[in-house]
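Here is the structure we will look at.
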Amino acid sequence: MKKFSKGGKSFHPALVELEDAVVRALPELPQDVLMDIFATLEIPDLIRAGAVCSSWRAAYTCLRNLGKYKQTPCLLYTYKSAGENVACLYSLVENRSYRLTLPDPPIHRRLLIGSSNGWLITADETCELHIVNPITGEQIALPSVSTIEQVKPITTGSGIIHKYKVSYYTGEKDGKDFGIYDLKELCKFLYFKAFMFPDPCTGSYFVVLIHNPYYQLSFARAGDDKWTWLPLNTFNRDCMYMDDILYALTVYGEIDAFDLTASTITMKVTMNKITSSITFSSHYIIWAPWGDMLQVWRDFSSLEQEFPQRRSMYTTKVTVYKADLKAKELVETKSLSNNILFLGNNNSLCLRADEYPQLKANSDASFEFAENPSWKVSEQDPEGSCGDPNQEFQDFDEF
């Protein structure tokens, strides 16, 4: 066991060895019982429990792999002076930040395009995608950007990729129009949002990507060497996975369903378009704890008059709808009762406040957002990308 410190105090290896010996002398609980206990722990305590002894480590690892635990959401952020490979995790439960050292490429140089089930989906400076677990440091490379249907690399005479050609075709549009992008331009143009979901076919995972042109869908399973294109709709804004079905929400309020376990993947429209116009807003699809499917529409306005140097946005209105799939209509929800919404580049969530005592429930369908006008936000991506908050939090511990 490595020597570690907290709050300036060091733990002597001899004491740690003695503690290990005491733990080994205690009667061992069955792994399923340990897992039931560990499932109630928050992230910091879960990590600590997994470091106690080998049997606890095995239960922790199994629980983590299955994803069968409930955690109060944490805030992941970076700031310049912490270091290029360092991210910080703020725990609402402990009111404390933890410093996390992540593998290369440096997290400060990556674009964050998604957060699902404890994993981050990021794009590096060469536009290649990785999923990284900020707690364990585990990182997995996803299929190359050049395997996305519309993207083709352009190389120099020596075979080095320096630009990409993106064809502007969909399942409905031909591929005559195209654009040429360098690496920096491609990241900003191509990626909108990504998700990682458990894969029932393999017992592993798959990643869904919303990307340009026209906000189309592609996905890749663990071990795939290329992205699989779903050329059946455009202007997607959010996804969720429930009962082996992938649901995609478009900017028009349309909900499409895909059975990715089928040998031939088809699209079923479960809710028709609610509007025919594209509004300047973000759209989210969420499975509520009480069993309803929700659509959340978040409207934006510009702070351009106050900050003419950059296109900054703030939230003006959030509307929550119940998606009635039988009637194929949206019914506005006036109250979230004892529940909380988490919206953004993360996997959209609706949680019960009584299960997360550190969180405050929404008593009605009104919302408050902390907007930082220094974050640069584009019209293409109202969610924004990873940035450095002006305030630097200095009170943190090492995991």
Side-chain angles (χ1 to χ4, degrees), residues 67 70-73 113-118 192-198 208 210 215 217 233 235-260 267-300 315-356 359-370 381-383:
K70 292 184 178 180
Q71 305 285 339
T72 301
I113 60 172
S115 171
S116 300
N117 298 301
F192 178 70
K193 195 172 182 180
F195 316 83
M196 192 184 83
F197 300 116
V208 177
I210 300 178
Y215 303 94
L217 294 175
N233 212 341
F235 292 101
N236 296 282
R237 280 295 187 265
D238 201 15
C239 293
M240 76 172 198
Y241 190 70
M242 180 64 62
D243 297 330
D244 298 339
I245 299 294
L246 174 69
Y247 294 93
L249 173 66
T250 75
V251 72
Y252 306 110
E254 178 179 326
I255 300 175
D256 302 318
F258 303 85
D259 182 0
L260 301 186
M267 183 185 81
K268 178 182 178 182
V269 178
T270 59
M271 175 165 286
N272 297 320
K273 293 180 179 179
I274 303 301
T275 177
S276 59
S277 60
I278 297 178
T279 59
F280 194 44
S281 59
S282 287
H283 298 72
Y284 310 91
I285 184 170
I286 305 169
W287 193 262
W290 58 89
D292 287 340
M293 183 182 289
L294 304 180
Q295 283 196 33
V296 182
W297 294 24
R298 180 179 175 188
D299 297 331
F300 293 90
T315 300
T316 57
K317 182 181 180 182
V318 175
T319 309
V320 181
Y321 300 97
K322 172 188 172 182
D324 188 333
L325 300 183
K326 291 183 178 180
K328 296 188 180 296
E329 63 181 11
L330 297 181
V331 179
E332 184 173 351
T333 299
K334 295 296 184 180
S335 174
L336 288 172
S337 187
N338 196 37
N339 295 280
I340 311 114
L341 289 178
F342 282 82
L343 309 175
N345 271 354
N346 55 282
N347 192 22
S348 303
L349 299 173
C350 182
L351 306 177
R352 292 187 183 276
D354 54 7
E355 296 179 0
Y356 301 88
L359 303 179
K360 181 180 178 181
N362 293 289
S363 57
D364 52 40
S366 62
F367 300 84
E368 294 181 3
F369 290 89
D381 182 8
E383 305 298 343

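Applying the side chain to side chain donor-acceptor pair (under 3.5 Å) test to Asp259 and every residue at least two apart in sequence or in another chain returns Thr261. Residues satisfying the side chain to side chain donor-acceptor pair (under 3.5 Å) test with Asp299, not counting sequence neighbours, are none. Every residue was checked against the salt bridge (charged side-chain N to carboxylate O under 4.0 Å, His left out) condition with Glu329, not counting sequence neighbours, and none meets it. Applying the side chain to side chain donor-acceptor pair (under 3.5 Å) test to Thr316 and every residue at least two apart in sequence or in another chain returns nothing.
Taking the side chain as every heavy atom from C-beta outward, His283 and Asp238 never approach each other to under 4.5 Å. Side-chain atoms of Leu330 and Trp297, non-hydrogen and from C-beta on, do get closer than 4.5 Å to each other. For the pair Arg237/Tyr215, a side-chain contact is recorded, criterion being any heavy-atom separation below 4.5 Å from C-beta on.
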May I have the list of side-chain donor-acceptor pairs in residues 245-258 shorter than 3.5 Å, sequence neighbours left out?
residue : atom : partner : partner atom : Å
Thr250  : OG1  : Tyr252  : N            : 3.2
Thr250  : OG1  : Glu254  : N            : 3.3
Glu254  : OE2  : Asn233  : ND2          : 2.8
Asp256  : OD2  : Asn233  : ND2          : 2.6

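When all heavy atoms are compared, the tightest approach of Pro289 to Asn339 is CG-OD1, 3.9 Å. Of all non-hydrogen atoms in Ile210 and Cys239, the two that sit nearest each other are CD1-SG, 4.2 Å.
Between the side chain of Asp292 and the backbone N or O of Leu294, no donor-acceptor pair lies under 3.5 Å. Using modelled atom types, one side-chain atom of Lys328 and one backbone atom of Thr270 make a donor-acceptor pair closer than 3.5 Å.
Considering SG of Cys350 and CD1 of Ile286, their distance stands at 6.0 Å, rounded to 0.5 Å. From Asn347, atom CG reaches atom CG of Leu349 across 5.5 Å, with rounding to the nearest 0.5 Å.
Applying the ring pair (Phe, Tyr, Trp, His ring centres under 6.0 Å) definition to pairs two or more places apart or across chains, none involves residues 332-354.
A donor-acceptor contact closer than 3.5 angstrom links the side chains of Arg298 and Thr315.
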